[in-house]
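Below is one structure, written out as structure tokens; comments come after it.
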Amino acid sequence: MRNSLTGVLAVALFCVIHGCAAASFHSLWTDQNVVFDEKLVGVYDDGQHVVEKGPGKSYIFTSKDEKGNVTSTATVHLVKLGDLLFSDMEVPAGEDVTREPAAKVLHAIDRIEIDGGTVRAFCFPDSKYLEFADAKTVTVTTTSKDGAVATDKLLSLSTKEMEAFVVGHAKEMSKKTMEMKRVAK
């Protein structure tokens, strides 16, 4: 579990950009299933990723470019369901956009596996998870202040339903998207 968060966070950011994370209107994490391990706080991948303690049992993940400039920051919760670990990355709307239906935060969910100091992160290979029989969906329209409009279909399962969904479809989260290693505290 030591290196699990970095892989989770980086993959969550990657998957949101590339469309393979399970995008959800509701969170996966609860006070009962969220886990926090202080050993995950540190520097990863030659300084390209930094994990800090966030509020409560959350982590703040920061990505940097090769010059050390911050390229993205995200809040992530690590969720343990049985023997499985998942990430729940919060995707805020930002001040320059509105969402309909209204949502200040959406969630990107990924599955992870840990093998010693190596973390492998997995997501759905495509958006077909939205067509699974147990998937309830909602269409979210995001509008920026400059008038750009994006429409996305997201899972609208309650948190309890989402827990059952990701556990039931964990094997289908099979697209390996990243391997990460911790390099320093």
Side-chain angles (χ1 to χ4, degrees), residues 1 4-37 40 51 54-61 72 74-94 97-114 119-143 149-178:
M1 187 168 174
S4 62
L5 184 64
T6 297
V8 169
L9 295 169
V11 170
L13 290 170
F14 175 86
C15 286
V16 166
I17 293 166
H18 293 89
C20 63
S24 176
F25 198 71
H26 302 287
S27 68
L28 177 63
W29 74 274
T30 67
D31 289 339
Q32 292 74 39
N33 67 20
V34 69
V35 294
F36 183 86
D37 185 345
L40 296 174
V51 178
K57 291 183 178 180
S58 72
Y59 299 88
I60 303 299
F61 175 73
S72 61
T75 299
V76 175
H77 292 87
L78 190 61
V79 175
K80 184 168 178 65
L81 298 172
D83 293 333
L84 299 169
L85 286 173
F86 298 90
S87 69
D88 182 339
M89 182 184 78
E90 296 179 357
V91 183
V97 301
T98 58
R99 289 184 177 141
E100 185 59 41
K104 291 183 181 181
V105 176
L106 299 177
H107 301 268
I109 312 299
D110 295 294
R111 179 180 64 83
I112 63 168
E113 293 178 356
I114 303 162
V119 177
R120 292 174 187 88
F122 299 85
C123 56
F124 290 104
D126 51 40
S127 60
K128 289 190 184 197
Y129 68 92
L130 293 168
E131 299 169 12
F132 294 164
D134 54 344
K136 296 178 188 173
T137 63
V138 62
T139 299
V140 176
T141 302
T142 303
T143 306
V149 177
T151 302
D152 297 293
K153 195 172 182 182
L154 308 175
L155 291 171
S156 64
L157 301 165
S158 70
T159 299
K160 275 291 178 207
E161 291 170 324
M162 190 66 178
E163 288 178 357
F165 184 85
V166 296
V167 169
H169 295 287
K171 289 182 181 179
E172 292 161 279
M173 296 175 92
S174 60
K175 181 178 180 180
K176 184 169 105 176
T177 55
M178 193 172 293

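For reference, positions follow the sequence shown, starting with 1. Because the structure is predicted, anything quoted here is derived from the model rather than measured.
- L130 meets the side-chain contact (heavy atoms from CB on, under 4.5 Å) test with S127, T137, K153, L155; sequence neighbours excluded.
- A170 pairs by the side-chain contact (heavy atoms from CB on, under 4.5 Å) definition with L84, F86, R111, not counting sequence neighbours.
- Under the rule for a side-chain contact (heavy atoms from CB on, under 4.5 Å), the partners of V140 that lie at least two apart in sequence or sit in another chain are F25, R99, P101, V138, T142, L154.
- H107 places none of its side-chain heavy atoms less than 4.5 Å from the side chain of M89.
- With sequence neighbours excluded, no residue satisfies side chain to side chain donor-acceptor pair (under 3.5 Å) with D152.
- Checked against the 6.0 Å centroid criterion, the rings of H169 and F132 qualify as a close aromatic pair.
- Note on ring orientation: taking the six-membered ring where Trp is involved, the planes of Y59 and F36 are parallel (angle under 30°, cut-offs 30° and 60°).
- Heavy atoms only, all atoms of each residue included: M162 and S24 are closest at CE-CB, 3.9 Å.
- Qualifying ring-ring contact (aromatic ring centres under 6.0 Å, His included) partners for H26, counting only residues two or more places apart in sequence or in other chains: none.
- One distance of note links CD1 of I112 with CE of M173; it measures 11.0 Å at 0.5 Å rounding.
- Side chains of V35 and V79 form no contact here, defined as non-hydrogen atoms less than 4.5 Å apart.
- A search for salt bridge (charged side-chain N to carboxylate O under 4.0 Å, His left out) contacts involving E161 returns K136, not counting sequence neighbours.
- Residue L28 is tested with L81, V34, D110 for a side chain to side chain contact (heavy atoms under 4.5 Å, CB included); the sole match is L81.
- From I109, atom CD1 reaches atom NE2 of H77 across 11.0 Å, with rounding to the nearest 0.5 Å.
- Remark: K160 pairs with S158, E163 by the side-chain contact (heavy atoms from CB on, under 4.5 Å) rule, at least two apart or across chains.
- Listed by chain and number, the residues in a salt bridge (charged side-chain N to carboxylate O under 4.0 Å, His left out) with K57 amount to none (sequence neighbours excluded).
- Residues W29 and T159 come closest through the heavy atom pair O-CG2, 4.2 Å.
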Stepwise side-chain contact (heavy atoms from CB on, under 4.5 Å) test for I60 and V51: CA-CA 6 Å; I60 303 299; V51 178; over 6 Å; no

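- Closest approach of F122 to S174, counting heavy atoms only: CD2-O, 3.7 Å.
- Taking each heavy atom of A23 and Y129 in turn, the nearest pair found is N-OH, 2.9 Å.
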